[in-house]
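Structure, as structure tokens:
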Number of protein chains: 2
Amino acid sequence: MSLRIAIFDDNKNIRESITLLLDTVPTFEVVGSFSHVLDCVDDVRSCKPDIVLMDIEMPGMTGIEAVAAIRKEYPHIQVLMQTVFEDDDRVFDSICSGASGYILKNHLNTRLVDAINELQYGGSPMSPSIARKVLGKLQQIPQHVKPEEAPDYRLTVREKEVLACIVEGLSYKMIADRLTISYETVRSHVKKIYEKLHVASLTEAVAKAIHQRIV
Amino acid sequence: MSLRIAIFDDNKNIRESITLLLDTVPTFEVVGSFSHVLDCVDDVRSCKPDIVLMDIEMPGMTGIEAVAAIRKEYPHIQVLMQTVFEDDDRVFDSICSGASGYILKNHLNTRLVDAINELQYGGSPMSPSIARKVLGKLQQIPQHVKPEEAPDYRLTVREKEVLACIVEGLSYKMIADRLTISYETVRSHVKKIYEKLHVASLTEAVAKAIHQRIV
DNA sequence: GGTCTTCTCCCCGGATATGGGGATTGTGGC
DNA sequence: GCCACAATCCCCATATCCGGGGAGAAGACC
């Protein structure tokens, strides 16, 4: 069974040349070719591709939004982004939207077929300069994503609920209302929370709750 | 001028076979081959490579620490990691340590030369499955790293100082002390802060300050 | 000189939070 | 049955905060 491919690109010449190129590969089948992404989810539904080639510069909805939309409906579809630009923001926006690969347009002729094959076998083809940017990005964020001390304060579920309300800025009265318990009960919980968090005021509790991601 | 390459791998056979392979490329020159990384910084200093091949599994100091050490002293050197494993943690640790590429050992024969060339021209060669992992990782961290709306509340410096104290959990009295102003002045600032942040309590102010990174 | 902003200080009255007690249920473990 | 614990409620006295005022000094801008 052949690999079904859909193309989104506002440039007719590019769509045609990509189609020609892909048609030279027996196991590939271009099942759709679209000049805009306004109906991309419908388009994808009707032509059922395994892989989508998406131009990042598109009229109307951007290619980035389109990727997000498509991946939301059809998470199994692999999306390969293509662009003439390689500015950081768009690269990372695409990645965050769920693109599985990213190649520059001037590498299309030489790399596209390989890239599609790589996608199919669980890879994430990227033009070299893109790959470098991606690694650089990962190096920037590291520390505070992974280690992140997570002391366990052993708050009960109820206490966490109360704490969440506090962080929202509610007063004891409002919390009592929201949780349909009495004002005094809220106080009791808060006292317990203070003990467990080793704080002595709402502000401290809020700061700690947010920083330690208790809420 | 040829490209100088150093090899770190505890397996003698692998070192030799890599050397043989690389020697077939006229523009490559293997300038060092080491079985451990205990003196890696010294080794690198003496053989002055452009590119380092580093096995991730090494006796003594791990390849990951070695990368960090080498990159710290010689940031211009590109390091290509190689491993038989592809467990997430080590991949990401290596990246965070500053590796510029990452290939699996069973791709060595077919990909090593290409990978080195790619490194040289500003790319970041990765085995397909590694590339996929890296993208996946980037997708996980997203929202709070990049754009993050940054509304400008136009707080004055003084107001920010007061806000910072509040987030620390200080009371008005303590803030007055810390900033050597009167209690009433603190109150005035707080009122202004409430206005500007559109909040009506310390807890809300703290939550907003932290979430919007005002402090 | 006039206007604006910032930082400083003040008063009052009411609202809210805090500290330090005590008490009652129900649940689950031993 | 006893014990620990979570969850619920109560009281009192004090501390602290909040809203809505007013006001003076210093500097920036026109």
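All figures in this text were calculated on a predicted structure; none of them were measured in a lab. Quick note on labels: first sequence line is chain A, next is B, and so on, each numbered from 1.
At a non-hydrogen distance threshold of 4.0 Å, A:Y183, A:R187, A:K191 from residues 182-193 of chain A come into contact with DNA chain C.
For the pair B:L202 CG and C:dT16 P, the computed distance is 14 Å after rounding to whole Å. Nucleotide C:dA17 holds its C1' atom 13 Å from the CE atom of A:M174, rounded to whole Å. Counting to the nearest Å, the C1' atom of C:dA15 and the OH atom of B:Y194 are 13 Å from each other. At whole-Å resolution of the value, CD1 in B:I175 and P in C:dC9 are 14 Å apart. What separates CD of B:E161 from P of C:dT6 is a distance of 14 Å, to the nearest Å. As rounded to whole Å, 13 Å separates atom C1' of C:dT8 from atom CD of B:E159. Remark: P of C:dC10 and CD1 of B:I181 are 11 Å apart, rounded to the nearest angstrom. In this structure, CD of B:E195 is placed 11 Å from P of C:dT6, rounded to the nearest angstrom.
The side chain of B:Y172 contributes no N or O atom lying less than 4.0 Å from OP1 or OP2 of D:dA15. Taking only side-chain nitrogens and oxygens, B:K173 comes nearer than 4.0 Å to OP1 or OP2 of D:dT16. Regarding contacts with the backbone of C:dC7, a side-chain N or O of B:T156 is found under 4.0 angstrom from either OP1 or OP2.
By the 4.0 Å N-to-carboxylate-O rule, A:R15 lies too far from A:D10 to be salt-bridged with it. Contact check on A:E16 versus A:K12 returns a salt bridge, with a Lys/Arg side-chain nitrogen under 4.0 Å from an Asp/Glu carboxylate oxygen.
In terms of modelled atom types and a separation under 3.5 Å, the side chain of B:D50 and the main chain of B:R4 share a donor-acceptor contact. With hydrogens and angles ignored, the 3.5 Å screen pairs no side-chain donor or acceptor of A:R111 with any backbone N or O of A:I103.
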Report, one line per pair, each donor and acceptor closer than 3.5 Å where one atom sits in a side chain of residues 188-195 of chain B; sequence neighbours left out.
from   : atom 1 : to     : atom 2 : distance (Å)
B:S188 : OG     : B:E184 : O      : 3.1
B:Y194 : OH     : B:L202 : N      : 3.0

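Counting any heavy atom pair closer than 4.0 Å across all strands shown, B:V157 reaches sugar-phosphate atoms only and no base atom.
Checking D:dC17, C:dT18, C:dG19 against every side-chain atom of B:S171, the shortest atom distance belongs to D:dC17.
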Exercise for review: Go through the steps to decide whether B:E168 and B:R178 satisfy the test salt bridge (charged side-chain N to carboxylate O under 4.0 Å, His left out), and finish with yes or no.
Suggested key: CA-CA 12 Å; B:E168 269 187 64; B:R178 162 104 50 113; 3.2 Å; yes
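Side-chain N/O atoms of A:S127 and A:S129 include no donor and acceptor closer than 3.5 Å.
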